[in-house]
K.L.:
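For reference, the structure I am asking about is given below.
What's counted below: heavy atoms across the whole structure, side chains too, no hydrogens, waters or symmetry copies.
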Amino acid sequence: MSELKQLKVKAGVVRRVLKDLDYTKKETAAQAAKVEKMKAEQADPYDIKKQEEVLAECASHRPLDEERLENAIDDLTRLVSECRESPDFDDLKETEEFKAAATLLEESAAASN
């Protein structure tokens, strides 16, 4: 039953990376708003430049998070497929871990479209 443990771990990775990606999106939006506000208030050009650098750094994390999410989803998809091909599938499909992993894959597929 090591499949159950692997399902739980890999589903947790997908959940965590989804949270990271969501946080990165929010942080980038907040930083962009801050830069626009500073420009509207005609703040010191040096301060604006530094905040734009912070914005660029925030935005640079998104592709990395998206790649990590794609890899985590691939790993979980592969594991779920292996579980479906397992001789113990009838027992596995009734477990909370398998149901949670399958649901998470459906949600992540819907979110990526």
Side-chain angles (χ1 to χ4, degrees):
M1 284 293 170
S2 67
E3 290 98 357
L4 292 178
K5 186 173 183 178
Q6 288 180 337
L7 281 169
K8 190 173 185 177
V9 168
K10 293 196 185 292
V13 170
V14 171
R15 266 190 230 96
R16 187 189 76 241
V17 175
L18 280 169
K19 276 182 166 179
D20 288 349
L21 186 59
D22 186 48
Y23 179 77
T24 300
K25 288 177 185 177
K26 288 178 183 176
E27 184 180 19
T28 302
Q31 192 61 36
K34 183 175 182 178
V35 169
E36 290 304 315
K37 181 181 175 189
M38 290 177 76
K39 286 180 179 179
E41 294 174 351
Q42 297 179 344
D44 184 22
Y46 177 79
D47 292 338
I48 294 173
K49 180 182 174 198
K50 286 298 175 184
Q51 289 305 312
E52 287 174 336
E53 289 173 8
V54 172
L55 174 60
E57 184 179 339
C58 291
S60 71
H61 289 281
R62 187 170 180 178
L64 298 174
D65 288 343
E66 289 172 347
E67 183 180 343
R68 286 178 38 222
L69 178 61
E70 184 178 320
N71 291 338
I73 289 172
D74 288 346
D75 287 346
L76 185 58
T77 302
R78 198 173 311 113
L79 183 60
V80 167
S81 296
E82 289 173 11
C83 288
R84 286 189 171 128
E85 295 169 4
S86 169
D88 298 331
F89 179 64
D90 290 336
D91 295 334
L92 281 173
K93 71 180 179 184
E94 299 302 321
T95 63
E96 290 298 318
E97 291 85 352
F98 184 82
K99 290 177 184 177
T103 302
L104 188 59
L105 284 175
E106 290 170 8
E107 290 172 0
S108 62
S112 65
N113 291 336

K.L.:
So does Y23 have more than 12 non-hydrogen atoms from other groups sitting under 6.0 Å from OH?
P.N.:
no
K.L.:
Establish whether L55 and L21 are linked, either directly or via other cluster members, by ILVMFWY side-chain heavy-atom contacts under 4.5 Å.
P.N.:
no
K.L.:
Is any side-chain heavy atom of D22 closer than 4.5 Å to one of K26?
P.N.:
yes
K.L.:
Hey, could you give me each pair passing salt bridge (charged side-chain N to carboxylate O under 4.0 Å, His left out) that has a residue in residues 77-87? Not counting sequence neighbours.
P.N.:
D75-R78
K.L.:
Would a hydrophobic clustering, with Ile, Leu, Val, Met, Phe, Trp and Tyr connected at side-chain separations under 4.5 Å, put V13 with L69?
P.N.:
yes
K.L.:
By the side chain to side chain donor-acceptor pair (under 3.5 Å) test, which pairs, at least two apart or in different chains, include something from residues 54-64?
P.N.:
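The answer is R62-E66.
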K.L.:
Any link between F89 and L105 through a network of hydrophobic side chains (Ile, Leu, Val, Met, Phe, Trp, Tyr) touching at under 4.5 Å?
P.N.:
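Per the 4.5 Å side-chain linkage, F89 and L105 are co-clustered.
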K.L.:
Only counting residues at least two apart or in another chain, list the ones meeting salt bridge (Lys or Arg N to Asp or Glu O under 4.0 Å) with K19.
P.N.:
none
K.L.:
Can you list the residues that meet the side-chain hydrogen bond (donor to acceptor under 3.5 Å, both in side chains) rule with K50, with sequence neighbours excluded?
P.N.:
E53
K.L.:
How many angstroms lie between atom CD of E70 and atom OG of S108, to the nearest 0.5 angstrom?
P.N.:
11.5 Å
K.L.:
Could you state the interatomic distance from CG (L79) to CZ (F98), rounded to the nearest 0.5 Å?
P.N.:
9.0 Å
K.L.:
Is the shortest heavy-atom distance from the side chain of L7 to the side chain of C83 under 4.5 Å?
P.N.:
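A side-chain contact exists here, since the closest heavy-atom pair is under 4.5 Å.
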K.L.:
Closest approach of I73 and V14, non-hydrogen atoms and distance?
P.N.:
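Nearest pair, atom of I73 first, then V14: N-CG2, 4.0 Å.
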K.L.:
Supply the atom-to-atom distance D47 CG to K49 NZ, rounded to the nearest 0.5 angstrom.
P.N.:
12.0 Å
K.L.:
Can you sort out the partners of D20 under side-chain hydrogen bond (donor to acceptor under 3.5 Å, both in side chains), two or more places apart, ordered by chain and number?
P.N.:
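Expected list: R68.
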K.L.:
How far does CD of E52 sit from CD1 of I48, to the nearest 0.5 angstrom?
P.N.:
7.0 Å
K.L.:
Would you compute the distance between atom CG of N71 and atom CG of L76 and round it to the nearest 0.5 angstrom?
P.N.:
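The distance works out to 12.5 Å.
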K.L.:
Please list all pairs meeting side chain to side chain donor-acceptor pair (under 3.5 Å) that have one or both residues in residues 28-38, counting only residues at least two apart or in different chains.
P.N.:
Q31-Q51
K.L.:
Which heavy atom of A11 sits nearest a heavy atom of L104, and at what distance?
P.N.:
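Looking at all heavy atoms of both residues, the closest pair is O-CD2, 3.2 Å.
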K.L.:
Given side chains that start at C-beta, do those of K5 and E97 come closer than 4.5 Å, heavy atoms only?
P.N.:
no
